[in-house]
Structures are given as structure tokens and as C-alpha cells.
Amino acid sequence: MMLDEWALIKPADQLELTEAELKEEITRVLTANNPHAPQNIVRWSFKERTYKPILVIDQLAVHFVMEGSLVHQDSDEGRRQMAKEGVLEETLTVDTGVGFDEEEPETSVKINKHFAELNSDIYSSASKTDKKELKITNQFNFSERASQTLNNPLRDKSCHTEPPPRSNFSATATQWEIYDAYVEELQKQEKNKEKQKAIQTKENDDKSKKIMLMETQSNDVTKVGKAAKILERMVNQNLFDDIIQDFKYFEDESDEFRGQKGTLLPLWKFHYDKSRGLSVTALCWNKKYQDLFAVGMGSYDFNKQGHGMLVFYTLKNPSFPEYIYLTTSGVLCLDIHDQHSYLVAVGFYDGCVAVYNLKQKGAEPVYKSTAKTGKHTDPVWQVHWQNDDMDNNHNFYSVSSDGRVVSWTLVKNELVFTDIIRLTLNGVISEGPEGAQQPYIACGTAFDFHKQIDYLFLVGTEEGKIHKCSKTYSSQFLETYDAHSMAVDTVKWNHYHPKVFISCSSDWTVKIWDHTINTPVFTFDLNVAVGDVSWAPYSSTVFAAVTTDGTVHVFDLSINKYEALCQQSVVAKKTKLTHLEFNPIHPIIIVGDDRGYIISLKLSPNLRKEPKVRAVQSFQTRISADLQNYILFREDKVMPDIHYSGPTKHGRKQMAH
């Protein structure tokens, strides 16, 4: 009967298996891995400076947690609690069992013996059986108590103030009464001005006395100032005599064994101690004094903006600048006037443009734009002098990240601005009524004017496009080139070819364009960000570029259209080159880096070969000049013998009489 009661009942929907299937062993491996634990956690490694995946993942899954106050009876803490509770029970039984008539010393002796036994057998198992079970108190029993306090009654307080006195006034406003009121106000202002003038005159008298003392001292210095400068240059020429000899006479004869390749010879290194922390942001040679060049100092880092500096160096004195101008904002660009070499236009990071006059004493510019006179709202990336206007006023152009190309005219003591064009992403300027949809503004980064066509100029943008624009037609771009994938750092027209211009960008490329074609003619990938590029003044096919790895690249398209003739590192590692500039006369270039240093380099003979066409033209002009002299001699009935000598080192043939 018992077996029948405990027999298993087969469910109706049970799966029926054969003997072979029943005997088949199915192995299942149970793991402690949490299926919901993430497997793609990555953390930043400061040591390797990259994100690395975490291989050890916590697989523990907590389903229930409850903090209790129970202690296991076999633990040390449990034994101590049980011993204490047992002692209290024994003491209670002893106190209740002994009468008051008995003597006290016997009871105390018994209790002391009992304590000694408990202390000796506190960890023995025999003592557990003799003791009674302890009743554990219920930890959940609690009693709720509440109390009520009296609320203080609210009291209203109020006070009354006396109303201010009032008076009624009435008058008729006539024209003469208004006029008299204005006259009285003007008289008061004039009296205040006279008082201020009287105070200023006293201060000026005190200052004039001090200035007279300073002038007497400064006059003594200025008397020997010119002589001291000449003496300083003489000392520097003695110190750098080997460099001066290399600059004037050295020619690298090893170019004959290099084939088409060339080298750069380091000459002077320019640095001003107070320009530490500033980068070279602009370079420009003086067209009249070929040994003088200007350097703009600032910073391209948005978080490190501060003061700037405008410095002028000469090759005759590389140890110290000729002129130093401190600026409140970083200098980003500059340009020296071609005819008036003492005028220098400067663009700043805060959007201002200024004009410095080297003839005038003082550290402040003679012209500077302000918010009232139409200054840019973003950094000014390039400025360029233009020809004088119809009224013979000097003017220059500027381009900024706010999308404006502005013409600045020097009129008396102020700068007068005129917006030439506003850059947009789609290339169309919307001049519709209010409420019309305005296009996005493009950020201008570089521009250059055509060498022969006065109204034509190019503008490079931060979006990588180059726009061909006109001064006379400002409502639309003449042409748009999809030049680079990053911001255009430099764009320059060729000095000789009217259709060719060059551009560079941080996308590692230098591109040469024909402005009548939308695609580049040449593209050079330098495998690193390009800081600046410039055409050589002596050849239409030679150009140079600097990169952020400290390398100078020199190309000559008439010799090699695919590779640079020279790739030379001129600075230490982790130093970035920012700008370069060719000297208009001498075969040298200057390059600036992000640490405020300027290095001058001399081109080897392979890097400054004049084109054959140009040599032929010079040969023809020399023949025509000699023929003209021959005609003059013939008129005087003097018939000189003309013969040709062999080719010189410049590739030209000379005529001798």
C-alpha cells in the first residue's frame, strides 16, 4: 500500500524516449559567468596614452542582501556573549537562593569560585551543556511614542508712515526758456573745463621739470647713440666673421657630386630673450633695405593668448633687434609697404589692425582700428598693402575669421574702413529684406592679390576652399576651388606667370593651380602638416615649404616635378616651423618656429639656378645693348672688334671689346 501511494504518476504530455535515448549522457557545463556583464569596457591608460580594454570583469551577481544582527554561537563573539549572560543568571540565582540571615563571607566565596570556574571553562564544551538555553530578545519589538508641542499664536504688526510733502508746479515751456536753460548748462560745463585745465597745468608744470632733467640725461646718450650702434655692429661682425664670409662667398662645391640635389647652409640665428613663450607668426622682408626684416610674435593656441611683439632684425646685427614694439594682443600677420618702407601694417588676434611708423618715436601705432571704426570681431590672419587711391591716400586690405575682407584707408589721423566682400559657404551674398534667410559665414584665413591684374585676388577659407574675387564685383565670387580638406594656411600668386598660384594646408599637401582650371596642376604630399609655402623671387619654378616636423622642402619644377631637391631638418625635435620667407635679393631664406627663433639659411647653387629662358633673355638684352654701343661707335667712325667669350658661372655669355 505504501508503494502504491508513493508511485509516480506519468503526465499526459510527457515526451516518450527510447532506451538508447534514455541511456544517452548529456553533459552540461555550468559556469559562474554573468551573461549580463559587459564585455567591452575600456579605460584610459595614462602610461600608454591610449584606451585599453579591461580583461578582468566582475562576474558576481548579487540577488539578495540583508544585514542582520545575529552572531553564530560557535564564534568567539557568540561564546563571549553566552558566557556573560550565563554569569548573570548564576549571580541572580545565588542572590535569590541565600537568605538574609546567613553570613555574607560564605556567599561571596561561592560567587568568586563560580567566576573562576566560568573563566577556566569558557571555551570548553562541557560548560555548554550545564547552562540553560538563552532567550534571544526580539530585535523587531519597538514602541512608538509621539509628543505634540504647542504652536505659538501669530501676531500681526503694522506701522504707518507720514506721506512725503507735495507741491504743485506748473509752467509754460517756450522756445526762449529752453534756449536759456541750454545756455546755463553750457556755461556750467565751460567753468568745469577751466577748473580741470587749471589743475592739469599745475601737473604739467611739475612733469615738465622732470622731463627737462630726463632730456638733459637722454641727450647725452643720444649724442653717442649712432656711434654706439656702429661700434656694436663692428663687434658683431668680428664675432660672426665666419658666418659673414659664408654668406658672402661660400658656394657648396659638393653640389657637383649630388646631381640635382641641393643643401641649405645655416647662417645666423635670431632670438629675443623677452619673447619666450611666443611663436613666430609672421615674417616679411623690407623691399628697400634688403638686410632688414620684420617678425610678428604671438600664439596660435586659443588657451595661451596674451601679449604680442613686433620685432625688426637686420643681418648686420643678429644679436639684438633694431626695433621692438610690445602689443597688448598677439600679432598674427604683418606687411611692409613697398615704396614707404617705414610703414608697417599689422593684424592682431583680437581683430584690430594697426599701422606703425618706424620714423616716429614711441611704442604706440600711429593708426589703430577700434570697435567704432569697424574692427574685425575675430582674429586677423593676413594684411596686404595696395596702391594708393585716387586721393593719394595709403590703403591696405585685411582678411579675418569673421568672413570680412576689408579695405583700410589712412585718412589724416584715422582709419576708414570699407567692406569689400563677405565670405559665405555657398558663395552668394544675400542682401534681401529683414527676415530673409542668411547664409553661413565662411572664415577667411589667407589671401593674395594678383601681381599684374590690380582688381583680382584670391581668398582661402577655413573650410578648405579658395575663392577668386574681384574688388569691383563684391556680390558674388568669380570662381571657387575645392582646394583642401582642412583650412588653407597660405595662398600666393606666382611672381612671373599670371595664371599660376600655390596653396598649402594642414592636410599635408601643397598644390599648384591654374586659375582657369578647377583642378590642381600639381599636388605634393609631404606626409606632415604644412605651415607655410612661398615662391622664389628669382625663378618661376622654384618654391619652398616648411612643415611642423621642422623640415624645409625646396622644389624646382623645371628640374624635378615629383620630388623636392632638398629636404633638410633645421631645428630640434618637437619644434614646429611656422613660416618662411625668401630674401628679394640675396640667396637666403628665413624660417621661424613656435619657440620664437628665426633661422637664416643659404641656398646651395643647385637650389638657385635661373631658368634657361631667363638666361637667354638676359643674353639677348646684353647683345642689344652692345649693338647700340656699336652704332654709337660707328657714328664716331670707330669700328671696335666684337668677340664673344665663353660661358660664365651664371650661364651667360659675355661680350668683350
Once you measure the plane-to-plane angle for Phe302 and Tyr349, does it fall in the parallel (<30°), tilted (30-60°) or perpendicular (>60°) bin? tilted
Find out whether [X] and [Y] are in side-chain contact, i.e. whether some heavy atom of one side chain is under 4.5 Å from a heavy atom of the other.
| X | Y | value |
| --- | --- | --- |
| Phe522 | Lys561 | yes |
| Asn286 | Gln290 | no |
| Val331 | Met309 | no |
| Ile589 | Asn583 | no |
| Ser600 | Ile590 | yes |
| Val571 | Leu577 | yes |
| Cys443 | Thr461 | no |
| Val533 | Lys492 | no |

Side-chain donor-acceptor contact under 3.5 Å, [X] with [Y]:
| X | Y | result |
| --- | --- | --- |
| Lys499 | His515 | no |
| His394 | Thr409 | no |
| Asp556 | Thr541 | yes |
| Ser279 | Thr281 | no |
| Thr551 | Asp549 | yes |
| Thr490 | Asp532 | yes |
| Ser275 | Asp273 | no |
| Trp513 | Ser503 | yes |

Consider ring pair (Phe, Tyr, Trp, His ring centres under 6.0 Å). Of Phe501, Phe524, Phe582, which one does Phe543 pass it with? Phe524
For Trp535 and His495, I'd like to know if the aromatic rings sit close, meaning centre-to-centre distance below 6.0 Å. no
Are Tyr597 and His271 close enough that their ring centers fall under 6.0 Å? yes
Check this for me, if you would: do Arg404 and Asp402 make a salt bridge, where the nitrogen-to-carboxylate-oxygen distance has to be below 4.0 angstrom? yes
Can a cation-pi geometry be assigned to Lys375 and Phe348, taking NZ or CZ under 6.0 Å from the six-membered ring centre and within 45° of the ring axis? no
NZ or CZ of Lys471 within 45° of Tyr455 ring axis and under 6.0 Å: no
Can you list the steps and then say if His484 with Thr509 is a side-chain hydrogen bond (donor to acceptor under 3.5 Å, both in side chains)? CA-CA 8 Å; His484 299 276; Thr509 60; 3.1 Å; yes
Compare every heavy atom of [Y] with every heavy atom of [X], then report the nearest pair and how far apart it is.
| X | Y | result |
| --- | --- | --- |
| Trp493 | Asp448 | N-OD2, 2.8 Å |
| Glu232 | Phe320 | OE2-CB, 4.1 Å |
| Leu415 | Tyr367 | CG-CB, 3.7 Å |
| Lys465 | Val488 | O-CG2, 4.0 Å |
| Ser604 | Gly262 | OG-CA, 3.3 Å |

Go through it in stages, so that I can follow the logic: the residues are Asp489 and Ser506, the test is side-chain hydrogen bond (donor to acceptor under 3.5 Å, both in side chains), and I'd like the CA-CA distance, side-chain angles, deciding distance and then a yes or no. CA-CA 7 Å; Asp489 293 330; Ser506 298; 3.2 Å; yes
Phe457: what forms a ring pair (Phe, Tyr, Trp, His ring centres under 6.0 Å) with it, not counting sequence neighbours? Phe449
NZ (Lys468) with more than 12 external heavy atoms under 6.0 Å: yes
For Phe247 and Trp268, run ring pair (Phe, Tyr, Trp, His ring centres under 6.0 Å): C-alpha distance rounded to whole Å, both residues' side-chain angles, the deciding distance at 0.1 Å, then the answer. CA-CA 9 Å; Phe247 164 71; Trp268 297 281; 5.4 Å; yes
Steps toward side-chain hydrogen bond (donor to acceptor under 3.5 Å, both in side chains) verdict (Thr480, Asp482): CA-CA 7 Å; Thr480 299; Asp482 293 329; over 6 Å; no
Are Trp408 and Ser369 close enough, and set up right, to give a side-chain hydrogen bond (donor to acceptor under 3.5 Å, both in side chains), and what steps lead you there? CA-CA 9 Å; Trp408 303 90; Ser369 64; over 6 Å; no
Output for pair (Ile441 CD1, Leu423 CG), nearest 0.5 Å, gives 9.0 Å
Please test Tyr325 against Tyr356 for ring pair (Phe, Tyr, Trp, His ring centres under 6.0 Å), starting from the C-alpha separation and ending with a verdict. CA-CA 9 Å; Tyr325 296 94; Tyr356 288 85; 5.0 Å; yes
For residues 308-325, which residue pairs pass the salt bridge (Lys or Arg N to Asp or Glu O under 4.0 Å) check, not counting sequence neighbours? Lys229-Glu322, Arg233-Glu322
